[in-house]
Number of protein chains: 2
Amino acid sequence: MLTERQALILKVIIDEFIETAQPIGSRNIAKREDVAFSPATIRNEMADLEDEGFLSKTHSSSGRIPSEKGYRFYVDHMMSPLQLSSDEVRLVQSQFDDRMIEMEKVMQNSAHILSELTQYTTLVLGPEVYETKLKQLQIVPINKQSAIAILVTDTGHVEHRSFAVPSEIDHSDLEKVVNILNEKLVGVPIVYLDRMIESEVIDLINRYTSNFQKSYDLIQKALFNHQTTSLYVSGKSNILMQPEFNDIEKARSLFNVMESEDQIAPILKTNQEGLKISIGHENEMEVMNNCTLITATYTLGENQIGTIALLGPTRMEYAKAVSLLDLWSNHMSQSLYRWFND
Amino acid sequence: MLTERQALILKVIIDEFIETAQPIGSRNIAKREDVAFSPATIRNEMADLEDEGFLSKTHSSSGRIPSEKGYRFYVDHMMSPLQLSSDEVRLVQSQFDDRMIEMEKVMQNSAHILSELTQYTTLVLGPEVYETKLKQLQIVPINKQSAIAILVTDTGHVEHRSFAVPSEIDHSDLEKVVNILNEKLVGVPIVYLDRMIESEVIDLINRYTSNFQKSYDLIQKALFNHQTTSLYVSGKSNILMQPEFNDIEKARSLFNVMESEDQIAPILKTNQEGLKISIGHENEMEVMNNCTLITATYTLGENQIGTIALLGPTRMEYAKAVSLLDLWSNHMSQSLYRWFND
DNA sequence: ATTAGCACTCGTTGAAGGTGAGTGCTAACA
DNA sequence: TGTTAGCACTCACCTTCAACGAGTGCTAAT
C-alpha cells in the first residue's frame, strides 16, 4: 500500500510531530541523516500521503501533521517497540513487592506511578467483583444507633458501610444473623450472594423472631446493594500540560468528563483482552476526539478482568505508552495471581 | 475611617466586580438606583479610596477594581450575610439524614455538595484521629501468605491494610494476639495505642512463644504506623471556569498544588475555631496569591476538630460562601455529635 | 525518477491609527 | 464648601496594512 519511502517519511513526520507538536516541513525532514532525498521529492511524497489520507495540513502552505489514519497506520504497522530504560523497568518491578497485596493499594499505586512515568492521565478500573468470593462478614457496633458492616473478599477487598440501627433491634440479634450469614456464605461468589440468601439462608432466619428479619434486611441493604466500580484516576492535571489543551475551553470540557466516574467507567469496560488503542474520533465521546486512549487489561484469576488506561493527546508517545502499559499490566497480572490464587 | 459615602461606593464596586470580573467605572456606579451622586463625585471618592489602598486600577485610565485591602474591609465590616435560598437550605439539611453516619461518607459528600453549590473547589480535612478510640481490631486471613488487618474506631472510621504473613507464622497465632489486643485496647484512644501496648500488652505477649512476638510485630506495623490525614477535594476543575484562570499557566500551577495532599493538608490545619478568610497574599502559598481560601472548622466531640474549606478567586462571592460554609459546618458538627457522642 | 528553481500561500509579527470607556483636573454652581 | 459639568487626556482594544518567512505546488532541467 505504501512504498518504503513513503512509510519512512510518514514515520519521520509522526515521530517529529509527537516530539514537537509543530507541523513538519519538507526541508526539516531532508535534513535528517536517515533521509536521503531532496525536499522536493519529499514534498511529492507528502502530497501523495495527504491524498491517501495519512497526513493533513493546518493551512494550505503549512507543513504536514499526521491525520488519525496516519497514527492508526503508525500504530498498526510501524511502531518500533521502544526499549524502556532500565531505570524505568526497575521502577516498575519494584512496585510489585510485598507491599502491594491489597487491591486498593495496587490500583491506586498503579495509577500514580504510571501517570508519573508517562505524564499522561492514568485510569485504573478495578476488576469486576462478580467472581470474587466472600471471605468474611463482620458487624461492628459503634453506638446505640449505628453500626458498621464490613465485608472482606478473597481478593483482599474491604467494603464497609455504616448503617442506622433502629432502637427495637438489639446488637445481639445482629450478631446472630451475621453468624448465620458467615456460616452459610463464606466462599460464595459475591454475585451469587443474593441468590444464595434466597435459597438457603432465608428459611433459617425465618425460624427466629421477626427482629431477625429486620436485622437481616438492614445488613442486606448495607452490603449487598453496593455498586462497586472502583475507578482510580491519577494525573488529571497532566493533560493541562499538553499544548493541545492551551485552549482552556477544551481543557474545561475534558475535565468535566474526567470528574465524573459514570462517564469514564463505561469507556474502560472491555471484554477484549490485551491492548487496545483508540485514536481521536475512534473514541465515542466527543470531548475525547483529540485524545488517544490506550487501554490494557489485566487479569485476576481466570475470568476477572480489570482495565488500566492512559489518556493523552492523539500526539502521544505511542511506543513508550504501549511498552509501559504492556509491561505494567503483565507484572500486575502476575503479581495478583501470586497473591490471590493459592 | 471611611465616610458613609465611601463605604457605599466601595461596597458597590466590590459587589459589581464580584459579579462581572470587570473594572468598574464611575458612570456605571452613578447609574445604580442606590447611588445618588454624579460620576464626578464618585470619581473623587474613588481617587481617595485608591489613595487609602482599598481600590486599584488595571491601568491609568481604567475603572477600579478592589484591592486585597478592599476585600478585607468588605469582609470585616460590610458584608451583608446573604439569606440563602430556601432550596439551598433544604438541600443542606437533607444531606444530614440517616445515610450520613460514617466519617468517610460525610466528608466525601460534604466536599461534593459544597462544590456543586458554590462552584468553587471544596476541601475537607477529616478530624485528627488522635482523640478517636479503638472500637475493634480484626484480622482476616486471605490466603497462606496474606491477611488483612482492620481497625474500627468509635467514629465509624474503618482503616484496613493488608500484610504478608511469613510462612513460620500460623494464623492461629495471629488470632490469639488479636484477641489479646482487643481485650486490652478497645476503648483506648488511637494516639495512646503505642504507649498502652508498651506498658500493658508487651508483657503478656512475651509470656508466649517468640512467634507471638513476630505476630505482634506484624500487626503493629500494619496498623499503628498509619498516617491518616484524610483529605477530600471536590470540584477541582471548577477553578478552571473562573476567568481569573483563563491564563492556563496559572491554572497549571494551582492544579499542581491541589494534586498534592502534602501541600494542601497543612494549610487546612488550624486551631482557630470558626471561620477564617485568607485573601490573596494572606495565603502563604504563592500560587494562591490570587485566591481566597475560606476555612471553617467543625467539631466532633470536645477536642476533635476538622476543617472544611472553599477555594476560589479573590473575587469570590463572599457572602454566599461564608453563609453556606457556616450553615454546613454547624449542621455537620451537630450531626456528628448526634451520631458519635451517645 | 529526481531535484533545482520559482511563484505563490498564508500565518505571524509589529506598527499605525481610530474608538471608546475611563480618568483627573478645573471652573462653575448651590 | 461640597457637588457637578465639562474637557483634555490616557490606554486597552480592535482593525488595517505591510513585511517576513516557512512552507507548498508546479515546471523544467538533470
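Ion pairing between B:Lys250 and B:Glu244 fails under the 4.0 Å rule for side-chain N and carboxylate O. Between B:Lys236 and B:Glu259 there is a salt bridge, since at least one side-chain N of the basic residue sits less than 4.0 Å from a carboxylate O of the acidic one.
In this structure, B:Asn44 atom CG and D:dA5 atom P are separated by 13 Å, rounded to whole Å. Taking atom CG on A:Leu49 and atom P on D:dT24, their separation rounds to 12 Å, with Å as the unit. As a whole-Å value, the separation of A:Asp48 CG from D:dT24 C1' is 14 Å. Nucleotide C:dA1 holds its C1' atom 8 Å from the CZ atom of A:Arg5, rounded to whole Å. The nearest whole Å value for the distance from the CD atom in A:Glu45 to the P atom in C:dT2 is 8 Å. Rounded to an integer number of Å, the gap from CD of B:Gln6 to P of D:dT3 is 11 Å. Between the P atom of D:dG23 and the CZ atom of A:Phe17 lies a distance of 14 Å, rounded to the nearest Å. A straight line from CD1 of B:Ile29 to C1' of C:dT23 spans 13 Å, rounded to a whole angstrom.
Using bins of under 30°, 30° to 60° and over 60° for the plane-to-plane angle, the ring pair B:Phe54/B:Phe73 lands in the perpendicular bin.
For the pair A:Ser62 and D:dT24, the criterion of a side-chain N or O lying under 4.0 Å from OP1 or OP2 is not met. A sub-4.0 Å separation between OP1 or OP2 of C:dA21 and a side-chain N or O of B:Asn28 is absent. Between A:Arg64 and the phosphate of D:dG25, there is a side-chain N or O to OP1/OP2 separation shorter than 4.0 Å.
The B:Lys57 side chain lies nearest to C:dG24 when the options are C:dG24, D:dT24, C:dT9. The side chain of B:Ala40 approaches D:dA5 more closely than any other nucleotide in the set D:dA5, D:dG25, C:dT3. Nearest to the side-chain atoms of B:Ser60 among the listed nucleotides D:dT24, D:dT10, D:dA5 stands D:dT10. Comparing D:dT24, C:dT23, D:dA5 by their nearest atom to the side chain of B:Ser26 picks out C:dT23. Side-chain atoms of B:Ala47 lie closest to C:dG24 of the nucleotides C:dG24, C:dC10, D:dT24. For B:Phe37, taking side-chain heavy atoms from C-beta onward, the closest of the listed nucleotides D:dT4, D:dT24, D:dG23 is D:dT4. For A:His59, the side-chain atoms get nearest to C:dG11 when compared with the rest of C:dT3, C:dG11, D:dT3.
Close placement of the A:Phe255 and B:Phe255 rings is indicated, their centers lying within 6.0 Å of each other.
When the nearest nucleotides of DNA chain D are assigned to B:Ala36 and A:Arg27 by heavy-atom distance, the more 5′-ward of the two goes with B:Ala36.
In the interface, the side chain of B:Arg43 is paired with the base of D:dG6 through a donor and an acceptor atom under 3.5 Å apart. Side chain A:Ser61 to base D:dT24: no donor-acceptor pair is found below 3.5 Å.
Heavy-atom contacts from other residues, nucleotides or ligands closer than 6.0 Å to CZ of A:Arg27 number 12 or fewer.
Between atom CZ of residue B:Arg72 and atom OG1 of residue B:Thr292 there is a gap of 8.5 Å, rounded to the nearest 0.5 Å.
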